[in-house]
Amino acid sequence: MSVELTSDCSVIDRELDSRFDQHGSELSERARQHLQECQRCKKLYEWITQESPPGEASPELSGRIQGMLQSSLKPVSPRPSTRVLAVRFLSVFLLFAAPAIGMMGVAGLHQMGLPQMIGITVVLALGVALLSMSLSWQMTPGSLQRIPPKTAAPILTAGFLIGIAVLFPWRAPEAFLTTGWPCLKAGLMMALPAAVLFWLLVRRGVALNIGALGATLGAIAGLLSATVLQFTCSLQEAGHLLVWHGGVLVASTVLGVAIARLVNRLSREPA
Amino acid sequence: MRSVTELPPASKYREDDLPALMVRYQKSEAEAVEELVRRLSPRLLRFLAVSEHIESDAEDLLQECWIRIHRSRHTYRPLEPVLPWLFAIARHTRLDGYRRRRRRESREILVANPPEMASGIPLTPGGESDEFDRLLASLPESQREVILMMKVSGMSLEEVARATSSTVGAIKQKAHRAYAKLRLILNNEEK
């Protein structure tokens, strides 16, 4: 019998995939043939499909756990679906952003052309939808996360920065620092209460990956600030938008990760 | 001896009534708690024990895991698969336990040379478990947990993706890498 790895070995990998997808699906003829010929695959297939030894929880241990759980057993209401949760995040976003834009004026809106307005609105809307879904997935253990939590914030940031770079004109900066700093400051000051509001919603669920949650919370709060700034700031120039408005998004995301890790570390420190 | 093509399905633990039990647990039915603990603890213990190696630590982790499950039970959505929800919590319990142990060990080393820790105490009698653990131990952590969830707990690729906050494609990739490594190990042992 051959023990060399052949290109047909990948057939067994695929068979195992379908076995774990369909639970006990029949082997194809090609796979049967390959198992007869390839010793490596035969051993692997045998090992994977043979019954595995389960752990043995002693009756005392099980009894202790049962007693512990039953002593604090109270009815609980299942939390809403991820879509409902996502709509809640979207609502908080709109309820925070709309009054802020109303108070600060819509100077930015008047500076934008129609393609810019449509383009940036689409980017911002997709961003907030993505982050709202990501937060609702992260609140619920075992959710199928179509976009992994670690990639949601980078995708949003990249999309926002590319959108700005493509949609808005590049001009020589005038008083770049003095005009930009107030935007960054105002953006970060808005992001802080926004992040607290989103966190109040998130804490109703159970977030397992604290770092990713911090990044997503920071990103959605930063996006909210960037949205408000986008419609209220009269400097609609790519350099200003990228550095000072995009900076709010990036800084807020980084701060979100840092704060989440710090809180996580402090909560784990033994007394 | 049976032919490899006639072996029983890996998913011998697939149980369709777990969602109903979880709903009863949410309604605070004591019998549902008993049943869930009885049926799921062996699988959880196996999962928690593979990287812990020490039985008492694994049992402590199992208790901690059930406390977390209890506190998170409102996040379970009726009719959703139970195992991904359960193992997502177990996975983080294990990770936190590992970090805690590392911190504890690093502190102990600063004070004095600690005695050698017992390792590899089998959770099930007999050599079958040792052999299984040894093969799993040869895999990197990310591949090990994927194989463990699929093989021991009978979870599908999608369920493992749910439990690990990953995508089905990424889980397939990890599983294929693990298969390649296991092929080599199993074949070398035969020689």
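Owing to the predicted nature of the structure, the values given are computational and were not obtained by experimental measurement. Chain A is the first sequence line, chain B the second, and so forth, proteins listed ahead of strands; every chain is numbered from 1.
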Who among [options] has the most heavy-atom pairs with chain A under 4.5 Å?
| options | answer |
| --- | --- |
| A163(B), A30(B), A175(B) | A30(B) |
| R38(B), K172(B), R71(B), R91(B) | K172(B) |
| K27(B), E158(B), E34(B) | E34(B) |

Quick check on [X] against chain A: is it the side chain, the backbone, both or neither that has a heavy atom closer than 4.5 Å?
| X | result |
| --- | --- |
| Y25(B) | both |
| Y179(B) | both |
| I147(B) | side chain |
| E80(B) | neither |
| S166(B) | backbone |

> Between V206(A), D13(A), L61(A), which has the largest tally of heavy atom pairs under 4.5 Å with chain B?
Replying inline: D13(A)
> When only pairs under 4.5 Å are counted, which of M139(A), R79(A), Q138(A) shares the most heavy-atom pairs with chain B?
Replying inline: R79(A)
Testing the 3.5 Å rule here: is there a donor-acceptor pair between the side chains of [X] and [Y]?
| X | Y | answer |
| --- | --- | --- |
| D17(A) | H176(B) | yes |
| H70(B) | S72(A) | yes |
| Q33(A) | E29(A) | no |
| Q66(A) | S62(A) | no |
| W66(B) | S41(B) | yes |

Given heavy-atom pairs under 4.5 angstrom as the criterion, report whether the side chain, backbone, both or neither of [X] touches chain B.
| X | answer |
| --- | --- |
| R64(A) | side chain |
| T151(A) | neither |
| T82(A) | neither |
| P80(A) | backbone |

> R94(B) and E141(B): salt bridge (charged side-chain N to carboxylate O under 4.0 Å, His left out), yes or no, with the steps?
Replying inline: CA-CA 12 Å; R94(B) 191 169 77 153; E141(B) 176 59 33; 2.3 Å; yes
>> Please determine whether the number of non-hydrogen atoms from other residues, nucleotides or ligands lying under 6.0 Å from atom CG of L200(A) exceeds 12.
In response: yes
> Parallel, tilted or perpendicular: which fits the ring planes of F93(A) and F198(A), with parallel below 30° and perpendicular above 60°?
Replying inline: tilted
> Within 45° of the axis and under 6.0 Å from the centre of the six-membered ring of W47(A), does NZ or CZ of K151(B) qualify?
Replying inline: yes
